[in-house]
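Worksheet: one structure, shown below.
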Protein chains: 2
Amino acid sequence: MTYLFSALADPTRRQIFERLAKGAQPVGKLAQGLPISRPAVSQHLAALKAAGLVTDHAEGTRRIYRIDPKGLAAIRIWLDQFWTEALDGYVAEVERSSEDPS
Amino acid sequence: MTYLFSALADPTRRQIFERLAKGAQPVGKLAQGLPISRPAVSQHLAALKAAGLVTDHAEGTRRIYRIDPKGLAAIRIWLDQFWTEALDGYVAEVERSSEDPS
DNA sequence: GCTTACAGTAAGCTATGACTTACCTATTTA
DNA sequence: TAAATAGGTAAGTCATAGCTTACTGTAAGC
């Protein structure tokens, strides 16, 4: 979870990720339009890949990056497993404090 | 989203958050059992609060923190709005490359 | 009113993260 | 096989994040 969340914590990295969500792209194409250097984009992509958010494959001299569903799925699982627990706890607390407003 | 994701990116902060999911607690109680100082816990709680993940209220000299559903809801919305887009794109790409394996 | 308990704030230290430029590697193409 | 294109890696810089100790403030109990 740490890698996942910190990968998405960076605005530039989210921007890259959200751009990939609209279609796979090579590194150079991604770097165009971003206000940072191409090596910086490479480093961001490495972080996204380590988090399971993207995958890559070679295509000639280019390297195509695309969304990896695994990353999003992991977040969804964390959130779902969490959702009920947290909200149950929340509702319980609120009810308790409204029943017994000491 | 940046505040949200970076709040959850820190392991200690996630631990605090997940502990609060099981029930509201005062700061001191949270600090016990964590390997960091109480001020550090206060700072983490401030970050969680700024992200909309927790709320607090005074109770005598203690300050009780509990989960704020707004934070989790925001993540869910981001994920949902994203899920279809990303997966549609993913499926389209995969189909395209398997139909035309040039 | 004074002391104790609880918790936020300030200031300072250290590690890490996001960038840069320079370099190296690999694939295409002429 | 040499040149050009695409992109990962290394090294260094600067800002920020997470921690600490010291302090300040506020509510409760004697």
Side-chain angles (χ1 to χ4, degrees), chain A residues 1-20 23-68 71 97 101-102, chain B residues 1-20 23-68 71 97 101-102:
Chain A
M1 286 300 122
T2 301
Y3 279 116
L4 253 176
F5 284 127
S6 41
L8 293 170
D10 184 82
T12 307
R13 219 141 47 205
R14 270 205 316 283
Q15 199 176 334
I16 292 176
F17 182 66
E18 299 183 359
R19 192 171 299 185
L20 285 179
Q25 277 190 359
V27 180
K29 207 75 170 289
L30 280 169
Q32 291 176 232
L34 287 177
I36 56 173
S37 68
R38 190 197 45 71
V41 175
S42 271
Q43 291 161 12
H44 281 307
L45 286 168
L48 289 171
K49 187 178 172 185
L53 285 164
V54 303
T55 46
D56 61 335
H57 72 278
E59 219 165 86
T61 160
R62 284 197 294 257
R63 195 145 267 269
I64 312 293
Y65 281 84
R66 66 162 43 121
I67 294 293
D68 185 350
S97 61
S102 56
Chain B
M1 286 299 121
T2 301
Y3 279 119
L4 252 176
F5 283 128
S6 40
L8 292 170
D10 184 82
T12 306
R13 220 141 46 205
R14 270 206 317 284
Q15 199 176 334
I16 292 176
F17 181 67
E18 299 184 358
R19 192 171 299 187
L20 284 179
Q25 278 190 0
V27 180
K29 207 76 169 288
L30 281 169
Q32 292 177 230
L34 286 177
I36 57 174
S37 69
R38 190 198 44 73
V41 175
S42 270
Q43 289 162 13
H44 281 306
L45 286 168
L48 289 170
K49 187 179 173 184
L53 285 164
V54 303
T55 46
D56 60 336
H57 71 279
E59 219 165 86
T61 160
R62 285 196 293 255
R63 194 145 268 269
I64 311 292
Y65 281 84
R66 67 160 44 120
I67 296 292
D68 185 350
S97 61
S102 58

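We use all heavy atoms of the structure for the numbers below, so side chains are in, but hydrogens, waters and symmetry mates are not.
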* Asked: So among B:Leu34, B:Ile36, B:Val27, which one has a side-chain contact (heavy atoms from CB on, under 4.5 Å) with B:His44?
  -> B:Ile36

* **Side chains of A:Leu8 and A:Arg13 in contact at under 4.5 Å (non-hydrogen atoms)** => no

* Can you tell me how far the CG atom of B:Leu30 sits from the CG atom of B:Leu20, to the nearest 0.5 Å? -> 5.0 Å

* So do B:Arg14 and A:Thr2 actually touch side chain to side chain, heavy atoms under 4.5 Å? -> yes

* Can you tell me how far P of C:dA7 sits from NE2 of B:His44, to the nearest Å? -> 16 Å

* Asked: Minimum heavy-atom separation for A:Ala7 to A:Ala51, with atom names?
  -> CB-CB, 3.8 Å

* Structure fact -> With B for base contact, S for sugar-phosphate-only contact and - for none (protein heavy atoms under 4.0 Å), nucleotides 21-30 of chain D reads BB----SS--

* Could you grab the distance from atom CG of B:Asp56 to atom CD1 of B:Ile64, nearest 0.5 Å is fine? => 10.0 Å

* Taking atom P of C:dA7 as reference, at what distance in whole Å does atom CD1 of B:Ile36 sit? -> 14 Å

* Within a radius of less than 6.0 Å around CZ of A:Arg62, do more than 12 heavy atoms belonging to other residues, nucleotides or ligands occur? -> no

* Asked: Taking atom C1' of C:dA18 as reference, at what distance in whole Å does atom CG of A:Leu48 sit?
  -> 13 Å

* **Integer-rounded Å distance: C:dG8 P and B:Leu45 CG** => 7 Å

* Asked: Can you tell me how far C1' of D:dT9 sits from NZ of A:Lys49, to the nearest Å?
  -> 14 Å

* To do: Measure from the side chain of A:Ser42, starting at C-beta and using heavy atoms only, and say which of D:dG8, C:dG8, D:dA6 lies closest.
  => D:dG8

* Over how many whole Å does the gap from A:Arg62 atom CZ to D:dT5 atom C1' extend? -> 10 Å

* Structure fact -> Scanning both residues in full, the closest heavy-atom pair of B:Leu45 with B:Val54 reads O-CG2, 4.0 Å

* Taking for each residue the nucleotide of DNA chain C bearing the nearest heavy atom, is the 5' side occupied by A:Pro35 or by B:Tyr65? -> B:Tyr65

* Structure fact -> Scanning both residues in full, the closest heavy-atom pair of B:Leu53 with B:Phe17 reads O-CE1, 3.3 Å

* To do: Rounded off to whole Å, could you give me the CD1-to-P distance for the A:Ile64 and C:dT27 pair?
  => 15 Å

* Where along residues 1-16 of chain B does a heavy atom fall under 4.0 Å from DNA chain C? -> none

* Asked: How many Å lie between NE2 on B:His57 and P on C:dC6, as a whole number?
  -> 16 Å

